[in-house]
2 protein chains.
Amino acid sequence: MLESIQDDGGVTVSSEQLARRGHTTAAQVRKDLSHFGSFGKRGLGYSVDELRDRLRIILGLDQVWPVVLVGAGRIGSALFEYPDFKRRGYECVAIVDSNPEKIGRKWGELVIQPTAKLESLIKELCATLVILAVPASAAQLVAECSVNAGINGILNFAPVQLQVPDGIPVENVNLVMELEALSFQITRASKT
Amino acid sequence: MLESIQDDGGVTVSSEQLARRGHTTAAQVRKDLSHFGSFGKRGLGYSVDELRDRLRIILGLDQVWPVVLVGAGRIGSALFEYPDFKRRGYECVAIVDSNPEKIGRKWGELVIQPTAKLESLIKELCATLVILAVPASAAQLVAECSVNAGINGILNFAPVQLQVPDGIPVENVNLVMELEALSFQITRASKT
DNA sequence: ACTTTCTTGTGAAGCTTTTCACAAGCGGCT
DNA sequence: AGCCGCTTGTGAAAAGCTTCACAAGAAAGT
Ligand SMILES: NC(=O)c1ccc[n+]([C@@H]2O[C@H](COP(=O)([O-])OP(=O)(O)OC[C@H]3O[C@@H](n4cnc5c(N)ncnc54)[C@H](O)[C@@H]3O)[C@@H](O)[C@H]2O)c1
Ligand SMILES: NC(=O)c1ccc[n+]([C@@H]2O[C@H](COP(=O)([O-])OP(=O)(O)OC[C@H]3O[C@@H](n4cnc5c(N)ncnc54)[C@H](O)[C@@H]3O)[C@@H](O)[C@H]2O)c1
């Protein structure tokens, strides 16, 4: 949001304005920010540039995060070509797949590697994140292999609840569940 | 989870077992379910078949939801070929794109339609959901058009906060933010 | 029939998050 | 300088969510 305000030439922004854009309340915006420090000026609001920079540091976006993509299928290829990742500092440093037909093919500058190399690739490239875009049946195994190799976090697209050690954050993307959330809300609303 | 337990031949399941699988607590499972009714047997747990069926009804999955896909790009094509949607009752009934090169092409049984037809397609096919896989700059316009046509819910992949009337649920999928959540947790953990 | 073993459903307690409301501070205007 | 209109940062109150703990019920064995 702050970047889009920058593009529109905004210099300062109030908690009220941020709240309206983000569908929340001004008090919530201020309370949340206050947990990390005091970034605004009374009577004026927040400096858009400064707040953006501070948030980037808080979120850990002041560095490049090397990412390994596992699973060169339909969702994997869409993600690989998604330019927003790189713009935010997430750089795909390796692609891994188990299908012999796909291994050796080039995607951009990268050659698709066999699953056997996953562990050594993570170590050599010091990858911090893996994106898991493999079938549900393979996901747990790939996750364990990545954890063994010292990965720091996992973005999981497979519709399974991964079992990983405490301290390794996992974010799950389950699109069927997102649709189910919509169905549920629509069903509820129509029953009032 | 219940379906995977069914596949493994499980007949009953306790709140404790569900909690372990889902990384939550037994009390939480029981309290959540109790908001919708009383589905279990004391001393025995829940009947897997019955609980699955009851949850399907609660979530509104005892019907087919006609979906229109807007944006036949990289993410759109991955989603179109994703078999789990149809298995859960989400059936793609139309595909819409603005690119003249793409309009008229066939994806499976469906012909890609021009954006101008979006409103009439939603009305004619009684579509309840749209999946928005268009560039951020086009998302708000497509959302408004869909709402005008009487859509009931929106699954939005564009990295913008859509402004829609109250009562139209929107679920946002923002993959960059998922990665940022991982970066944040890793950054925090390393600062302790 | 009685005891043992399990597990649910749920008030009450404990904890977290959100909202309220206002003193304190900034900038511009007279 | 003094006043006025805004907006932050934050304790305190309100609301919401999670955990505790246990009575009540179900099955299985004796
Ligand atoms: N396609 C979508 O829109 C979509 C959406 C949400 C979630 N998902 C999930 O993402 C995952 C992938 O979906 P997809 O549609 O891209 O499937 P896909 O079959 O197109 O691709 C999966 C890829 O993973 C590879 N693979 C299989 N086992 C592997 C292993 N052990 N190591 C490395 N690679 C392996 C396969 O060779 C294939 O290239 C699935 O779990 C699916 O449920 C897909
Ligand atoms: N590719 C990814 O992995 C990915 C991941 C997450 C989010 N997204 C988001 O999803 C959206 C689409 O991404 P993509 O990578 O598929 O882009 P893309 O450019 O491959 O596809 C976008 C498609 O939308 C069409 N389009 C443009 N304006 C339209 C309009 N007004 N009506 C109908 N169709 C229109 C284009 O012709 C194109 O076919 C973007 O907002 C992107 O930020 C993409």
Side-chain angles (χ1 to χ4, degrees), chain A residues 1-2 5-6 8-59 161 166 169-172 177 180-181 184-185 188-189 192, chain B residues 1-2 5-6 8-59 161 166 169-172 177 180-181 184-185 188-189 192:
Chain A
M1 271 165 37
L2 291 169
I5 292 168
Q6 276 183 323
D8 296 352
V11 172
T12 62
V13 68
S14 69
S15 56
E16 182 57 42
Q17 292 171 292
L18 289 172
R20 236 193 327 268
R21 283 227 193 195
H23 286 300
T24 179
T25 63
Q28 189 73 75
V29 169
R30 294 202 301 277
K31 182 67 95 183
D32 283 2
L33 289 176
S34 78
H35 285 103
F36 297 104
S38 175
F39 309 127
K41 276 203 175 49
R42 297 179 178 201
L44 246 186
Y46 300 90
S47 151
V48 178
D49 286 11
E50 192 202 324
L51 186 56
R52 191 198 92 119
D53 291 349
R54 299 290 208 102
L55 289 178
R56 285 181 64 84
I57 292 167
I58 292 166
L59 290 169
Q161 189 71 35
D166 279 4
V170 176
E171 292 287 325
N172 293 294
M177 260 188 210
E180 288 175 355
F184 171 61
Q185 290 173 71
R188 287 264 105 181
T192 43
Chain B
M1 271 165 37
L2 291 169
I5 292 167
Q6 276 183 324
D8 297 353
V11 173
T12 61
V13 68
S14 69
S15 55
E16 181 59 42
Q17 291 170 293
L18 288 172
R20 237 194 325 271
R21 283 227 193 193
H23 286 300
T24 178
T25 63
Q28 188 73 75
V29 170
R30 294 202 301 277
K31 181 67 94 182
D32 283 2
L33 290 176
S34 80
H35 284 104
F36 297 104
S38 176
F39 309 127
K41 276 204 173 46
R42 298 180 175 197
L44 206 71
Y46 302 89
S47 151
V48 177
D49 287 9
E50 191 201 325
L51 187 55
R52 191 199 91 120
D53 292 348
R54 299 289 208 104
L55 288 178
R56 283 181 65 84
I57 292 167
I58 292 166
L59 290 168
Q161 189 71 35
D166 279 6
V170 176
E171 292 288 324
N172 294 293
M177 260 188 209
E180 288 175 355
F184 172 62
Q185 290 173 72
R188 287 263 106 182
T192 42

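Chain naming here is simple, since letters A, B, ... match the order of the sequence lines and numbering starts at 1 in each. This structure is a prediction, so every number in the text was calculated from the model and none was measured.
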Next on the checklist: Both A:A27 and A:K41 contact DNA chain C. Taking the nearest nucleotide for each, which residue is further toward the 5' end?
Outcome noted: A:A27
When the distance from [atom1] of [X] to [atom2] of [N] is rounded to whole Å, what number comes out?
{"X": "A:R42", "N": "D:dC4", "atom1": "CZ", "atom2": "P", "value": "21 Å"}
{"X": "B:L18", "N": "C:dT8", "atom1": "CG", "atom2": "C1'", "value": "13 Å"}
{"X": "B:L33", "N": "C:dG9", "atom1": "CG", "atom2": "P", "value": "8 Å"}
{"X": "B:R20", "N": "C:dT7", "atom1": "CZ", "atom2": "P", "value": "10 Å"}
{"X": "B:Q28", "N": "D:dC17", "atom1": "CD", "atom2": "P", "value": "10 Å"}
{"X": "A:F39", "N": "D:dT10", "atom1": "CZ", "atom2": "P", "value": "11 Å"}
{"X": "A:E16", "N": "D:dG5", "atom1": "CD", "atom2": "P", "value": "19 Å"}
{"X": "B:D32", "N": "C:dT8", "atom1": "CG", "atom2": "C1'", "value": "15 Å"}

Item to check | All side-chain contact (heavy atoms from CB on, under 4.5 Å) counterparts of A:D53, not counting sequence neighbours | outcome: none
Give a yes/no on whether any side-chain N or O of [X] is located under 4.0 angstrom from OP1 or OP2 of [N].
{"X": "A:S15", "N": "D:dT7", "result": "no"}
{"X": "B:R30", "N": "C:dT8", "result": "yes"}
{"X": "A:Y46", "N": "D:dC6", "result": "no"}

Checklist entry - A:T24 and A:L18: side chain to side chain contact (heavy atoms under 4.5 Å, CB included), yes or no, with the steps? => result CA-CA 8 Å; A:T24 179; A:L18 289 172; over 6 Å; no
Checklist outcome for this item: For B:T12 and B:Q17 the tightest heavy-atom approach is O-OE1, 4.4 Å
Item to check | Residue A:S34, side-chain atoms from C-beta onward, closest of D:dT10, D:dA27, C:dT10 | outcome: D:dT10
Next on the checklist: Is the shortest side-chain heavy-atom distance between B:L33 and B:Y46 below 4.5 Å?
Outcome noted: yes
